Amino acid sequence: MLSNALGYTAHICLPDDTSNEKLQLLESYGAEIEKVKPASIVDPNQYVNAAKRGAKALTDDNSTVAVGVFADQFENDCNWRIHYKTTGPEIWEQMNQSVDYFVTGSGTGGTIAGCSKFLKENSPNLKVFLADPQGSGLYNRVKYGVMYDNVEKEGTRRRHQVDTIIEGIGLNRVTHNFATGEYYIDDSIRVTDDEAVKMACFLSIKDGLFLGSSSCINAVAALRVALDAPKGSRIVIIACDNGSRHLSKFWKAAGAVPKTISIQDILEKKSS
């Protein structure tokens with residue numbers, strides 16, 4: 001949308017297992033789509049590396065005056081700073097300067113870093129919880145200081161470590177943006193795909209909220225925080241995605257959940 005307004009071409013590199021709805025939206029805006037196989041960041045063909053390489057190739061092409069700009073959202077310092085300047089203050093103002101817990105996941109790390117820094121500076125006693133999907137190493141990074149997940153055990157390591165239907169959050173590396181705010185994160189809660197799917201159905205049926213996978217991870221983590229928090233605590237989560245962009249994957253599973261789903265059903269199997 002921004003590229004269209006400025007007269008640029010948006011060339012988007014992304015994994016080929018990205019939901020069809022996201023692909024269709026980008027294509028509707030007129031973006032050039034380059035789908036690549038899911039891979040670790042050390043792979044030169046991983047989508048971030050593919051985007052970086054594409055921008056450089058365009059800039060180095062002597063047959064055109066066009067210049068490629070690589071947004072680099074995982075490492076770009078502007079990412080966490082914009083949340084520090086805008087999202088954090090917005091939360092603080094809307095909550096009447098009273099927040100006890102802030103719960104969110106981490107994709108690029110910009111949201112949790114920027115918001116946590118601002119909120120902690122204004123309320124040092126506030127607790128920040130990272131909500132992390134299965135297969136991601138960030139949970140162990142926060143809990144134990146080691147980027148490690150059970151899927152990496154000898155003889156069981158998967159080709160792609162993040163084995164989840166959740167899109168947008170969860171990594172097995174520490175980005176610049178995440179590192180900037182890591183100091184402000186107090187604890188982490190791991191959420192399974194099953195819990196997130198059940199939460200999606202529950203929020204849709206009980207509250208009329210049609211949310212995406214990342215938002216539902218955050219909601220499950222907030223529920224677990226609430227169970228241990230003092231009565232009357234004010235808990236904030238980021239509802240960062242809409243269910244309409246997850247119909248073919250996440251909501252295909254959520255749609256099969258019985259409409260009688262309860263909070264107890266969601267918490268049936270405690271996360272490790």
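No experiment lies behind these values; they were computed from the predicted model shown.
Remark: side-chain polar atoms of K37 are not paired, donor with acceptor, to backbone N or O of N45 under 3.5 angstrom. Using a distance-only test at 3.5 Å, with no hydrogens or angles considered, a donor-acceptor pair links the side chain of Q134 to the main chain of D193. Panel note: side chain D72, backbone K52; no donor-acceptor pair is recorded below 3.5 Å. Listed for the T18 side chain is a donor-acceptor partner under 3.5 Å among the backbone atoms of P15. For N79 (side chain) and G109 (main-chain N/O), no donor-acceptor pair under 3.5 Å exists by modelled atom type. At least one donor-acceptor pair under 3.5 Å links the side chain of R53 to the backbone N or O of P44. Remark: the backbone N or O of D43 is not paired with any side-chain donor or acceptor of S40 at under 3.5 angstrom. Although no hydrogens or angles enter the test, the distance criterion places no donor-acceptor pair under 3.5 Å between the side chain of T59 and the main chain of V67. A donor-acceptor distance shorter than 3.5 angstrom exists from the side chain of N242 to the backbone of S244, with no hydrogens or angles considered. Under a 3.5 Å cut-off, the side chain of D16 and the backbone N or O of K35 do not form any donor-acceptor pair.
Counting only N and O atoms by type, the side chains of S248 and E21 include a donor and acceptor under 3.5 Å apart. With no hydrogens or angles considered, no side-chain donor-acceptor pair links N177 and T175 at under 3.5 Å. No hydrogens or angles considered: nothing links the side chains of T192 and D194 as a donor-acceptor pair under 3.5 Å. H83 and T111 share a side-chain donor-acceptor pair at under 3.5 Å. When only modelled atom types and interatomic distance are considered, D265 and S262 share a side-chain donor-acceptor pair under 3.5 Å.
Across all their heavy atoms, S98 and W92 have their closest contact at N-CZ3, 4.0 Å. Considering all non-hydrogen atoms of both residues, I166 and S213 come closest at CD1-CB, 3.6 Å. Between Y101 and P230, the shortest heavy-atom distance links the atoms OH-CD, 3.5 Å. Closest non-hydrogen pair, L119 versus G88, comes out as CD2-O, 4.0 Å.
Rounded to the nearest 0.5 Å, atoms SG (C115) and NZ (K120) are 13.5 Å apart. Separation of atoms NE2 (H246) and CG (L211) is listed at 9.5 Å; rounding is to 0.5 Å. Once rounded to the nearest 0.5 Å, the distance linking CD1 of I185 with CZ of F102 reads 9.5 Å. Atoms CE and CD1, from M199 and I261 in turn, are 9.0 Å apart once rounded to the nearest 0.5 Å. Separating the NZ atom in K249 from the NZ atom in K22 is a distance of 8.0 Å, to the nearest 0.5 Å. Taking CD1 from I91 and OG1 from T86, the interatomic distance works out to 9.5 Å, rounded to the nearest 0.5 Å.
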Yes or no on side chain to side chain donor-acceptor pair (under 3.5 Å) for E75 and H176, after CA distance, side-chain angles and deciding distance?
CA-CA 5 Å; E75 309 300 328; H176 166 73; 5.3 Å; no
F74 and L171: CA distance, side-chain angles, deciding distance, side chain to side chain contact (heavy atoms under 4.5 Å, CB included) verdict:
CA-CA 11 Å; F74 290 89; L171 285 177; 3.9 Å; yes
Audit row: L247, S19, side chain to side chain contact (heavy atoms under 4.5 Å, CB included) steps and yes/no:
CA-CA 8 Å; L247 291 173; S19 70; over 6 Å; no
V220 and I189: side chain to side chain contact (heavy atoms under 4.5 Å, CB included), yes or no, with the steps?
CA-CA 9 Å; V220 173; I189 294 175; 6.0 Å; no
Side chain to side chain contact (heavy atoms under 4.5 Å, CB included) evaluation trace for V36 with Q46:
CA-CA 7 Å; V36 299; Q46 194 261 5; over 6 Å; no
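Cluster partners of Y183, by chain and number: Y184. The rule joins Ile, Leu, Val, Met, Phe, Trp and Tyr whenever side-chain heavy atoms lie under 4.5 Å apart. Cluster partners of L23, using a side-chain heavy-atom cutoff of under 4.5 Å among ILVMFWY residues and allowing indirect links, are I12, L14, L26, I33. Summarising the hydrophobic clusters (Ile, Leu, Val, Met, Phe, Trp, Tyr; side-chain heavy atoms under 4.5 Å, direct or chained), the residues clustered with L25 are M1, Y29. Members clustered with L58: none, using a 4.5 Å side-chain heavy-atom cutoff among hydrophobic residues.
Between V146 and N140 the shortest side-chain heavy-atom distance does not fall below 4.5 Å. C216 places none of its side-chain heavy atoms less than 4.5 Å from the side chain of V197. Side-chain contact check for Q73 versus V48: every heavy-atom pair is 4.5 Å or farther apart.
V69 and I82 are not part of a single hydrophobic cluster, where members link through side-chain heavy atoms under 4.5 Å apart. Under the 4.5 Å side-chain contact rule for hydrophobic residues, L227 and V225 share a cluster. Put simply, I41 and F70 are part of the same group of oily side chains (I, L, V, M, F, W, Y) that touch within less than 4.5 Å, one to the next.
Residue pairs meeting the salt bridge (Lys or Arg N to Asp or Glu O under 4.0 Å) criterion with at least one partner in residues 96-112, sequence neighbours excluded, are absent. Applying the salt bridge (Lys or Arg N to Asp or Glu O under 4.0 Å) definition to pairs two or more places apart or across chains, those involving residues 174-183 are R141-E182. Under the ring pair (Phe, Tyr, Trp, His ring centres under 6.0 Å) criterion, the residue pairs touching residues 200-220 are F210-W251, with sequence neighbours excluded.
Partners of Q97 by side chain to side chain donor-acceptor pair (under 3.5 Å), not counting sequence neighbours: none found. In this structure E90 satisfies the side chain to side chain donor-acceptor pair (under 3.5 Å) test together with Q94, sequence neighbours excluded. In this view, D77 and R81 satisfy the salt bridge (charged side-chain N to carboxylate O under 4.0 Å, His left out) rule, not counting sequence neighbours. With sequence neighbours excluded, no residue forms a side chain to side chain donor-acceptor pair (under 3.5 Å) with N49.
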Sequence neighbours excluded and cut-off under 3.5 Å, please list the side-chain donor-acceptor pairs for residues 123-132, or say none.
unit_1 : atom_1 : unit_2 : atom_2 : d
D132   : OD1    : S136   : OG     : 3.0
D132   : OD2    : S136   : OG     : 2.8
D132   : OD2    : L138   : N      : 3.4
D132   : OD2    : Y139   : N      : 2.9

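A salt bridge does not link D228 with R224: none of the charged nitrogens is closer than 4.0 Å to a carboxylate oxygen.
Relative to the ring axis of Y84, K117 places its NZ or CZ within 45° and under 6.0 Å from the centre.
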